[in-house]
Amino acid sequence: QLLSEVAEVIATEMRLAPTALDARRPLVQQGLDSVMTVVIRRRLERRYGQMLPAALFWQQPTIAGIAEHLATVLSALHSPDVQPAAPADA
């Protein structure tokens, strides 16, 4: 489901149907430009409530790679093994 949600956000900005994008092909080869990456990254940040690296689309150049990165970030947040950081003056 995350893969299809990420594809939908990207396709909307690129003005394409989500089915027109290949999840495993680099997005720059499918028409993504640097301005679009900023807009899409901000939309994904708002949607998932997480800051994403500015270079995300260059580090993870495919829809599948971006979705995998998001899945890792989101699962780490909900992991019972993750403890909140202690305040620095504690």
Identify which one of I40, L56, L52 satisfies the side chain to side chain contact (heavy atoms under 4.5 Å, CB included) criterion when paired with E45.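 The single option meeting the side chain to side chain contact (heavy atoms under 4.5 Å, CB included) with E45 is L52.
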Side-chain (R25) to main-chain (Q29) donor-acceptor, under 3.5 angstrom: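 Checking the backbone N and O of Q29 against the side chain of R25, a donor-acceptor pair under 3.5 Å is found.
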Hey, is CD on E68 packed in by over 12 heavy atoms from elsewhere, all under 6.0 Å?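 Count not over threshold, so no.
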Whether over 12 other heavy atoms sit under 6.0 Å from R42 CZ: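 Atom CZ in R42 is not packed in, count stays at 12 or less.
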Heavy-atom distance under 4.5 Å between the side chains of [X] and [Y], does that happen here?
X	Y	answer
P53	H69	yes
Y48	V73	no
T62	L27	no
F57	I10	yes

Of all the heavy-atom pairs spanning A17 and A11, show the shortest one and how long it is.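 Minimum heavy-atom contact is C-CB, 3.9 Å.
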In Å and rounded to the nearest 0.5 Å, what is the CG to OG1 distance from L32 to T37?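 It comes to 6.0 Å.
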Spacing of CG belonging to L44 relative to CD belonging to E13, to within rounding of 0.5 Å: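 Taking CG in L44 and CD in E13, the distance rounds to 10.5 Å.
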With side chain to side chain contact (heavy atoms under 4.5 Å, CB included) as the criterion, how do V39 and M36 come out once you've worked through the C-alpha distance, each side chain's angles and the decisive distance to 0.1 Å? CA-CA 5 Å; V39 173; M36 289 178 192; 5.7 Å; no
